[in-house]
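In what follows, a structure is listed as structure tokens, so that the remarks can point back to it.
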Amino acid sequence: MRQSSELPFYDQILTATVAGVTITYSQFGKGNIAPDTATVAGWISRSPSGHGDLTMRPFDAARQLGIDVKTFSGTFCQVMSQQYPNLPAEYQPDGIYPNAYYKDVGATVGDVLAGYEAAGPAYGSSDSGVGKTVIIDYSSPNIAKPFGVGHLRSTVIGNSLYRILTKVGYKCVGINHLGDWGTQFGKMIVAFKKWGSEDVLRADPIHALFDLYTRFHREAKEHPELEDDARSEFRLLEQGDPEATKLWQRFKDYSLDEFNRIYDILGINFDHHTGESFYNDKIQPVLDELDQKGLTTISREALIVDLEAHKLGACLLRKGDDATLYATRDIAGILYRHENFGFEKCLYVVGAAQALHFQQVFKVIELAGHDFHKGLVHVPFGWVRFEDRAMSTREGNIIFLDDVISKATELAHDIILEKNPDIEDVDGTALAIGVGAVVFSQVSVRRTKDIDFKWEAALSFDGETGPYLQYTHARLCSLMRKYGKELPAQINYALFGEPEEMDLSIESASYAEKIRHAAEEYEPFVIASYLINLAQKFNAYYQKHRVISDDTALTDARIKLCDLVRFVLGDGLRLLGITPLERM
RNA sequence: GCGCCCAUAGCUCAAUUGGAUAGAGCGUCUGACUACGGAUCAGAAGGUUGGGGGUUCGAUUCCUCCUGGGCGUACCA
């Protein structure tokens, strides 16, 4: 259900509509069948373009009355116009729909602008999350692998959700659950001992580690016994073997340096970097607890929780050689997080391929009798593919994020020099644009969609892209600079008369609702899509109507509206993790 | 084999969660800078929503079958 909406005059129209519906019901001889306000609120929404401003779904009402929708809508509109001649909107039937049309552009735009004036920088915020903590587990790259565009998605989506959920009132805790433990480190250790070189590792750690990792998998195809070596190296590591631990620490340090450099470029922060290894000494008590509750069994030499009864197979906790698995560490992680943060929700921004894993882990928590299992949410996303194949570090089919960002930045640099060579910080601006394009590419489709990585698309700055939004924002800032004065406290709303102005203000007024929607669905795309729409509307308006003119009163009014759009675009870009620019 | 996901314009994606004439961008074609940023805007062309059947006032959306693809399915994460 929508909350009391930011749409113009929504509350007034809703109240009148509730009364109008009641009267209409009575007219059909059904007595006073009065739907409550909340119910009617669910019926009212913005009209699709070309059908007025607000509309009401007539189906439920008509069904309850046992009449056809067209008759209902006609009668309803008649009742509304007779009973509420002073309402700021007028109802007119359009086929089966009773549509509301705002009568007065000035009053409508004014109502929106007054809302913006009152809210200030908090515009768009709401309070559904106030007093609640949400943990967001995102990015979580595997150490000892280069940061590819595949890792980008979790990072970008998680970071954006962090900002969106903060905007609806949650206290967010961002955790980078680094993949710094597990058999993969056994592999790295084996590979380094066999083929590694100190000099190469020191000179270019990231590529050296990447080469070792891919070489391991290449060689393991011919020599499967390498896998056994890796497993026993990991077992040694888990038992605290000094030599293995030392190597592991070095791999981890090198990788972290690299990751932090990239997070810095992307402008992404975490509250905690507690990776898988963090839980190493917290595993045994968890296993004891599960054992005590009678959940564990031994099967084929491994310690498992049998979830066959729930059609979830088996959740492995300990391998035959006693080493732990990622499920074990995730379970320990959940218990640790609940104890230390007391979360309302705990989100895992992790690829869809791991759906079963999380179902299993969550089920184990549930079976252990922890009712906070209800707050555990897997927020899945699709693959990033390249040339029709899944990107796979193992096979070396990977695009380095670094390369993507530097190419995009280079291109942005060229365009700036061509179009706007005088701006102060060319390098910084080019970087913001390059990153903006890359980040936007990750939120420009719904999460669950697979993305085909194409250089052409990643390097496009035209149309529905991050730079398009940044450009629109920069234009608005440029307009403000040209205006050059403080925004007026008082403006004459009656000067608004263009349909584009009404459209633009109503669109801006939907911002808070879009944020709530994005927060409910854990879907940054909702914001991205909304901003594109808003920017398109602004650009169309801007092309068609002069904002700054000799008419100072009209200029003041229009500037005020433009300032609202500027704010929403800038604020929305930040929610996505993209830097709004003032010049570009 | 079993389970989950996907299929919409030439391409990449939307569609207020079952509602009005299925909409955007890219690409193609035609236009707009002696006015606030042309990384822009206006317009045109482009569709049997993979296929069949069903549910109902109404289906891109829900059910079923088929085709085509992806992922998962015990010691990787």
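Just so we're clear, the structure is a prediction, and the values are computed from it rather than from any experiment. Chain identifiers are assigned alphabetically (A, B, ...) following the order of the sequence lines, protein sequences preceding nucleic acid strands; residue numbering begins at 1 within each chain.
Distances were taken from every side-chain heavy atom of Q184(A) (C-beta onward) to each of rA20(B), rG70(B), rA77(B); the shortest belongs to rA77(B). Comparing atom distances between the V445(A) side chain and each of rC13(B), rA74(B), rA20(B) picks out rC13(B) as nearest. Distance from the side chain of F525(A) is smallest to rA14(B) among rC36(B), rA20(B), rA14(B).
Phosphate proximity of rC36(B) to R481(A): absent, as no side-chain N or O sits under 4.0 Å from OP1 or OP2. OP1 or OP2 of rC26(B) has not a single side-chain nitrogen or oxygen of S460(A) nearer than 4.0 Å. Close to rC41(B), at under 4.0 Å from its OP1 or OP2, lies no side-chain N or O of Y542(A). For R446(A), a side-chain nitrogen or oxygen approaches OP1 or OP2 of rA15(B) to under 4.0 Å. Residue Y530(A) has no polar side-chain atom (N or O) positioned under 4.0 Å from OP1 or OP2 of rA14(B). The phosphate of rA32(B) has neither OP1 nor OP2 within less than 4.0 Å of any side-chain N or O from K544(A). Using a 4.0 Å cut-off, no side-chain N or O of R57(A) falls inside it from OP1 or OP2 of rA20(B).
Rounded to an integer number of Å, the gap from H473(A) NE2 to rC36(B) P is 20 Å. Rounded to an integer number of Å, the gap from NZ of K454(A) to C1' of rC11(B) is 7 Å.
Not a single donor-acceptor contact under 3.5 angstrom links the side-chain atoms of S529(A) to the base of rA24(B). A donor N or O paired with an acceptor N or O is not found under 3.5 Å between the base of rA35(B) and the side-chain atoms of S549(A). For a distance-only test at 3.5 Å, the side chain of N99(A) qualifies as a donor-acceptor partner of the base of rA20(B).
Remark: rC4(B) base-pairs with rG70(B); criterion is Watson-Crick or G-U wobble with both hydrogen-bond distances under 3.5 Å. Base pairing annotation: rG38(B) forms no Watson-Crick or G-U wobble pair, as no partner gives both donor-acceptor distances under 3.5 Å. Pair assignment for rG43(B): rC29(B), on the basis of Watson-Crick or G-U wobble contacts that are both within less than 3.5 Å. Across all strands shown, rG18(B) remains unpaired; no Watson-Crick or G-U wobble contact has both distances below 3.5 Å. Summarising the base pairing, rA9(B) is matched to no nucleotide, lacking a Watson-Crick or G-U wobble pair whose two defining distances lie under 3.5 Å.
The aromatic ring centroids of F59(A) and W43(A) lie 6.0 Å or more from each other.
A donor-acceptor distance shorter than 3.5 angstrom exists from the side chain of S140(A) to the backbone of H177(A), with no hydrogens or angles considered. Checked by atom type and distance alone, the side chain of D180(A) pairs as donor or acceptor with a backbone atom of E276(A) at under 3.5 Å.
Mapped onto RNA chain B by nearest heavy atom, H51(A) and T472(A) fall at different nucleotides, with H51(A) at the one closer to the 5' end.
Of the charged side-chain nitrogens involved, at least one lies within less than 4.0 Å of a carboxylate oxygen, so that E501(A) and R558(A) count as a salt-bridged pair.
Taking every heavy atom of both residues into account, G572(A) and I527(A) meet most closely at O-CG2, 4.0 Å.
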